[in-house]
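Structure first, commentary second.
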Amino acid sequence: SIEGIHDQRVVKYDCDMKRKLMSEQFLTQEIRQALKKKEFTCYMQPKCQIDTGEVIGLEALVRWRHPNDGIVGPDVFIPILERNRTVHQLDLFVWDLVCSQLHEWIKEGLHVVPVSVNVSRIDFYSLDLLSIFKGLLTKYDLSADLIELEVTESAYIEDYKIVTDTIDQLSKAGFRISIDDFGSAYSSLNMLKDIEVSVLKLDIKFIQFNRKNLLRTMAILKAIKQMARDLGQTIIVEGVETQEQVNLLKQLDYHYAQGYYFYHPLTIEQATCLLKPAKVMN
Ligand code: C2E
Ligand code: MG
Ligand code: MG
Ligand code: MG
């Protein structure tokens with residue numbers, strides 16, 4: 001009967017909702033335990049000069065070394081932590097790990113490159129970012145220009161003032177600021193008139209072109225390049241995977257990229273191997 005179908009639907013809907021809530025609650029608990037048990041770490045993905053392949057920076061990407069499931073990526077747990085407003089606990093751990101690693105590398109006599117960390121928009125409300133990052137500089141004896149904060153566009157949607165003011169302070173204190181996934185959300189352009197941003201990380205979608213949209217892709221990439229130059233910003237193109245994409249970027253005089261074509265995210269040990277010894281001064 002129609003009623004029966006209707007009932008079934010309601011039941012099914014309830015079950016799905018319940019399962020989702022249960023699994024989210026379960027995962028939240030598991031993540032809390034994992035933080036305590038130090039099961040999180042980060043991988044580091046190089047950012048490269050397009051023509052030479054030289055590593056000009058690294059990005060820390062959090063990973064969960066799950067005892068049963070292996071290496072789990074952030075898409076599984078970051079959205080949950082953002083929803084229950086506890087993502088800052090994980091981010092604080094990652095930032096500390098990155099800074100302590102930079103300290104180690106310098107101690108070992110390696111020539112370090114700037115390392116970027118991802119900052120969730122929730123962190124702007126939960127944390128005093130300026131004092132935390134200044135504290136990390138003191139704790140690990142680092143200079144601010146070694147640390148870059150990647151902030152996604154969506155951070156500017158709510159409470160524009162908190163975010164722009166904080167970025168302003170961080171920028172004045174010498175930290176590099178980049179807009180992550182630039183062009184993927186909608187608040188991107190107008191906020192550039194209000195904040196000092198040194199790097200635009202161009203969203204992966206801009207470089208995913210085909211024969212049909214190639215000319216339009218090129219027109220957009222040319223315009224972004226021009227704008228960034230006038231604003232004194234560096235562009236890093238995200239998600240570069242193929243020779244064809246590299247060729248297009250070279251043709252359009254783009255200089256920096258990040259993506260599987262150059263390197264996948266690496267373990268800290270693998271990333272260490274890429275660093276050269278610092279030049280010895282006499
Ligand atoms: P994101 O910051 O935009 O990082 C780039 C993502 O693209 C990474 O995924 C990276 O592994 C992936 N990627 C790199 N090169 C390529 C490529 O050539 N092709 C494709 N298809 N993908 C590529 P991942 O590591 O899964 O991170 C996903 C997102 O999770 C990050 O996006 C970032 O927003 C967030 N995230 C990562 N680590 C942290 C963290 O420590 N804290 C916070 N709050 N968010 C983080
Ligand atoms: Mg990022
Ligand atoms: Mg990105
Ligand atoms: Mg992303």
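Just so you know, ligand 1 is whichever comes first in the structure, and atom 1 is the first atom listed for that ligand. Every heavy atom of this structure was used, including side-chain atoms; hydrogens, water molecules and symmetry mates were not. Each residue takes its place number in the sequence, starting with 1.
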Return yes or no for this condition: an N or O of [X] is under 3.5 Å from an N or O of ligand 1.
| X | answer |
| --- | --- |
| Thr152 | no |
| Asp123 | no |
| Ile204 | no |
| Gln45 | yes |
| Glu82 | no |

I'd like to check which ligand 1 atoms, numbered from 1 as shown, lie under 4.0 Å from a non-hydrogen atom of [X].
| X | answer |
| --- | --- |
| Pro265 | 11 (O) |
| Ser120 | 44 (N) |
| Glu241 | 17 (C), 18 (O), 19 (N), 20 (C), 21 (N) |
| Glu238 | 3 (O), 5 (C) |

For [atom], which of [options] has the closest heavy atom?
| atom | options | result |
| --- | --- | --- |
| atom 18 (O) of ligand 1 | Tyr43, Tyr263, Phe40, Tyr260 | Tyr260 |
| atom 43 (C) of ligand 1 | Leu92, Asp91, Val72 | Asp91 |
| atom 27 (O) of ligand 1 | Pro79, Pro74, Gly239, Ser178 | Pro74 |

So, does Gln45 use its side chain to make a donor-acceptor pair with the main chain of Tyr263 at under 3.5 Å?
yes
Quick check against the 3.5 Å criterion: does Ser178 have a side-chain atom that pairs as donor or acceptor with the backbone of Asp180?
no
When you check the side-chain N and O atoms of [X] and [Y], is any donor under 3.5 Å from an acceptor?
| X | Y | result |
| --- | --- | --- |
| Lys47 | Ser116 | yes |
| Gln243 | Tyr261 | yes |
| Asp165 | Gln169 | no |
| Ser126 | Asp123 | no |
| Asn118 | Glu59 | yes |

Residue part near ligand 1, for [X], under 4.0 Å between non-hydrogen atoms:
| X | answer |
| --- | --- |
| Val94 | side chain |
| Leu61 | both |
| Ile78 | side chain |
| Val240 | backbone |
| Gln258 | neither |
| His264 | neither |

Report whether [X] and [Y] are members of the same hydrophobic cluster (ILVMFWY, side-chain heavy atoms less than 4.5 Å apart, transitive linking).
| X | Y | result |
| --- | --- | --- |
| Ile31 | Trp95 | yes |
| Tyr260 | Leu248 | no |
| Leu136 | Val87 | yes |

The Mg ion (ligand 2) - name of the N/O/S atom of Glu150 that sits closest to it:
OE1
Return the name of the atom in Glu59, of element N, O or S, nearest to the Mg ion (ligand 2).
OE2
Output the atom name for the N/O/S atom of Asp181 with the smallest distance to the Mg ion (ligand 3).
OD1
Hey, which N, O or S atom on Asp180 ends up closest to the Mg ion (ligand 3)?
OD1
Short N/O/S contact of Glu238 with the Mg ion (ligand 3) (below 2.8 Å):
yes
Would you call the rings of His103 and Tyr140 parallel, tilted or perpendicular if under 30° counts as parallel and over 60° as perpendicular?
tilted
Can you give me the closest heavy-atom contact between Gly183 and Phe206, atom names plus distance?
CA-CE1, 3.7 Å
Could you walk me through whether Ile207 and Leu249 pass side chain to side chain contact (heavy atoms under 4.5 Å, CB included), step by step?
CA-CA 9 Å; Ile207 196 65; Leu249 290 173; 3.8 Å; yes
Just wondering, is there an N, O or S atom on Asn118 that's nearer than 2.8 Å to the Mg ion (ligand 2)?
yes
Contact between Gly259 and ligand 1, counting heavy atoms under 4.0 Å?
yes
Can you confirm whether or not the ring centre of Phe40 sits under 6.0 Å from the ring centre of Phe77?
yes
Less than 4.0 angstrom from a charged side-chain N to a carboxylate O is my criterion; do Lys205 and Asp181 meet it?
no
